[in-house]
Amino acid sequence: MEQFLNIFLGGLFIGGIYSLVSMGLSLQYGVAKVLNIAHGEFLMIGAFATYWLQEIGFNPLLTVVVVGPVLFLVGFLLYRTVFTSIRLRSAHPGIYESNSLLAAFGIYFIVQNIGILIWGTTPHSYTYLNTSISVGGALFTQNRIVAAAFAVVIGIAFYLFLTNTRTGKAIRAAAQDPSTAGLMGVNIDFVLALCFGFGAAMAGVAGSLISICYSLSTSMGLGYTVIAIVVVTLGGLGSIPGSFIGGFVLGIIGSGVSYWQPGLTVASYYVIFIILLLVRPKGIMGKQ
Amino acid sequence: MHLLEGEKVTKYFGGLAAVSEVDFYVDEGEILGLIGPNGAGKTTLFNLISAALEPKPGVIKFRDEQINGLRPYKICRLGIARTFQTVKIFGNLPVIENVRVGSLFGPLKGLSTAEATKVALELLEFVGLSKVAYTPARDMTLVNQKRLEVARALATKPTLLLLDELMAGLNQTELLDTMELVKQIQKKGITIIMIEHVMKAIMGICDRIIVLHHGKKIADGTPEEVANSKKVIEVYLGEASDAGS
Amino acid sequence: MQPGIPVLLLILIALAPLYGSGYIVTLFTYFILYMVLSVSWTIFSGSTGYISLASAAFYGVGVYAAAMFGERMPFIFVILIGGIASFILAFIVGAITLRLRGIYFAMFTFGLVVLMKEVIHYWEITIEGTRGHFVIFQSNETIFYYLLGIFIVTMIVAYIIRKSRYGLALASIGENEEAAGHTGINVTMVKVITFAISAIFMGAAGAVMATKFTYIDPGVAFNPMMSFSPALMSIFGGMGSIYGPVVGAVVFSYLQEWLMTGSLKSYYMLIFGAILVATIIYLPSGVTGLIQNLWRRIRGAKSAPTRG
């Protein structure tokens, strides 16, 4: 029983983080139509920013208040400069998709390099809320529970923002049909940049939350990008609720596989990916 | 035996039936018109025939053999070719290469490179594009691009040709030229189904007309029968354009 | 471009070991390696527009083939195994993903290098009980000539594909895949087979280059940079001709060499990333595309009159 809780709850906790990361990626692809394979690098920057801030005395959880907006700004500006340029010069959406993918690949290397220049390649870590709590016999460190809780709250808050505010509705309109939304008075360029910024912010915040539980290194991003990609496909490309659910599903599966054979977690994600592509590419909640 | 036959062909997008229980047929040598208001399901029906989409449920038969479920390239090789409502030519390739793609890959029996070029040149002559054979396709006028699509489709040696709004956006002269082209294609022995909004073209060259409305067939008959059908007049013919758009 | 100039250059390069120092031979080896990777990448991604980020995975497979079989077989067989293993991997990946939209292909190939690294790491730890391999030594000249041979084969295959009806099919798919399918092209099969063929040369090159590493483990063999470089080089060079990627490869491998030996060593990923982004925005047809456009403008526009 205790083993089961270990796996299940452990999976939920990391799943909360996966959800947040994946929702960010889903937002960027679903609305701004950029498959941001540099997503994990923003996560890495967020993680290290929190590390650095906590080294100079700030409470790691509070750093989220800084990391979020800063990374939002980075993402927003990046979209306004790089991706808008590409969009304006791309003859049709297919070319825009592949060009922005490649540009994101370039950004992946740029951001990684910056990370390595500042923090090197050795792993870093710090301790915060390290004491363990028992949940039904299974032991978890407090930080994992807190991180997951934060991630879920942010995720739900964002979902409420999407469904209940004017800006949120503009975003959903832009995701469904950019040209019509534009005709109805939505400032498309601004909305797309907004989404890209939100996506980057979510990655950064997820990174901060990860840093309070696990060690960080400048190469940590790639793994999370791959996870986000699988979750986004599982949940349905462009579906925010789908990514939310998918994150937990993958977290639990990963937790189970990790318990059985830790070296095979990525392989198990890929098995899921392959099954999805063969059987139901549009995922759990994907639209046509 | 009808050349092409559809039984209770249906296709849902989400909760909406784009095409709903449509029965249709076309006989060899005919020109069948397919008309209806925007959103009636005409292009969807073409997509179902050419296998861009699969009917669910419904059966489509070509020469009495079921073809739904086959991939588009197979349908093409069986002898059904089509043009598209928004022109889908290979823009960066020269005009002649566009047609050669058709002659190299479309017919059931492949052609040699030399034969393919010969066929392509003949077809360019047929549609009147010989002079621009080596121009990049994207540099041509819309009218010429549409003719290129027709040439490419013909290069695949079809028995049945589906034309999707070939006449849209043409002026009077172009319209008459294109109507003549369609009649010439019929003279070659190719059966034609054409989606159109231009009534002059439809009434002028079609042997039979099917009318769709909200995905359902509401009329099926000769141009006179359809023009006089109360239902059709009520739903559609009042709004239709006469020539050009 | 007339065949004379490239053939001349090729002969000049081929004779390098005779007149050049060991350093020149090694440098040219890297040029040729990246030329092989870039041209191979362009065979598929250049014409169809499906961006493959899996080059590192195929290269790594080749490296591992050499690591595993290098001591038991003649070198030429090791290279063949590397090529065939990559072909099989690419065929499977293609069969799964190329039936779907390009974005799925990009996503799947992006993570492939991570997957391969993990799987082989797992295999080594749990099944073989060892970590990493040592590879049998080959002289620099041997490596150079094998790689040159692979390059020549790659260029010949790239040329034949481009000029053949399959090249036309690939171009059609890149222009408008839906129309290509409706014009009788079996688009899925064409994509999968072309993708698999392009992987052969990457695997073969990996098998040859493996002998330059004294020690091979999954981290060494599967490096995302090897997916990035062919893309950067091909796009910068221009994918309109088979020479574009070659130009890009030479420019960037030289640039890389120069950066790595200078004070800018720790900035090279940043610089290359920035160049890729700039190229995509400002130079989408690459250097050779730019030159072709200028050339056309100098000679005067030659389009035939269109009928209105």
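Predicted model, so just to flag it, every value in this text is computed and none were measured. Naming convention: chains lettered A, B, ... in sequence-line order (proteins, then strands); numbering from 1 in each chain.
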Could you give the distance from [atom1] ([X]) to [atom2] ([Y]), rounded to the nearest 0.5 Å?
{"X": "B/L166", "Y": "B/L161", "atom1": "CG", "atom2": "CG", "result": "8.5 Å"}
{"X": "C/F87", "Y": "C/I92", "atom1": "CZ", "atom2": "CD1", "result": "10.5 Å"}
{"X": "C/M233", "Y": "C/F272", "atom1": "CE", "atom2": "CZ", "result": "6.0 Å"}
{"X": "B/T43", "Y": "B/L53", "atom1": "OG1", "atom2": "CG", "result": "10.5 Å"}

Electrostatic pair B/R152-B/E149, nearest N-O below 4.0 angstrom: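 Judged by the 4.0 Å cut-off on N to carboxylate O distance, B/R152 and B/E149 do form a salt bridge.
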
Can you tell me which portion of B/I89 sits under 4.5 Å from chain C's heavy atoms? Options are side chain, backbone, both or neither.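 B/I89 touches chain C through backbone heavy atoms alone.
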
Counting only heavy atoms closer than 4.5 Å, note whether B/T113 contacts chain C via side chain, backbone, both or neither.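 Looking at B/T113, backbone and side chain both touch chain C.
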
Largest heavy-atom contact set with chain B, pairs under 4.5 Å, which of C/T188, C/V187, C/L168: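 Greatest number of close heavy-atom pairs with chain B: C/L168.
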
Find the one option among C/A179, C/G181, C/S164, C/S172 whose heavy-atom pairs under 4.5 Å with chain B are most numerous.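 Most heavy-atom pairs under 4.5 Å with chain B: C/S172.
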
Has C/F91 got more than 12 heavy atoms of other residues, nucleotides or ligands less than 6.0 Å from its CZ?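 Open: at most 12 neighbouring heavy atoms sit under 6.0 Å from CZ of C/F91.
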
If we define contacts as heavy-atom pairs under 4.5 Å, which of [options] has the most with chain C?
{"options": "B/P158, B/P107, B/A52", "value": "B/A52"}
{"options": "B/E97, B/R100, B/K74", "value": "B/E97"}
{"options": "B/N92, B/L104, B/T156", "value": "B/N92"}

Note, [X] side chain near [Y] side chain (heavy atom, < 4.5 Å):
{"X": "C/H182", "Y": "B/Y73", "answer": "no"}
{"X": "B/V101", "Y": "B/F90", "answer": "yes"}
{"X": "B/I185", "Y": "B/V150", "answer": "yes"}

What residues of residues 189-199 of chain C sit under 4.5 Å from chain B when only non-hydrogen atoms are counted?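 Checking residues 189-199 of chain C against chain B gives no residue, so none.
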
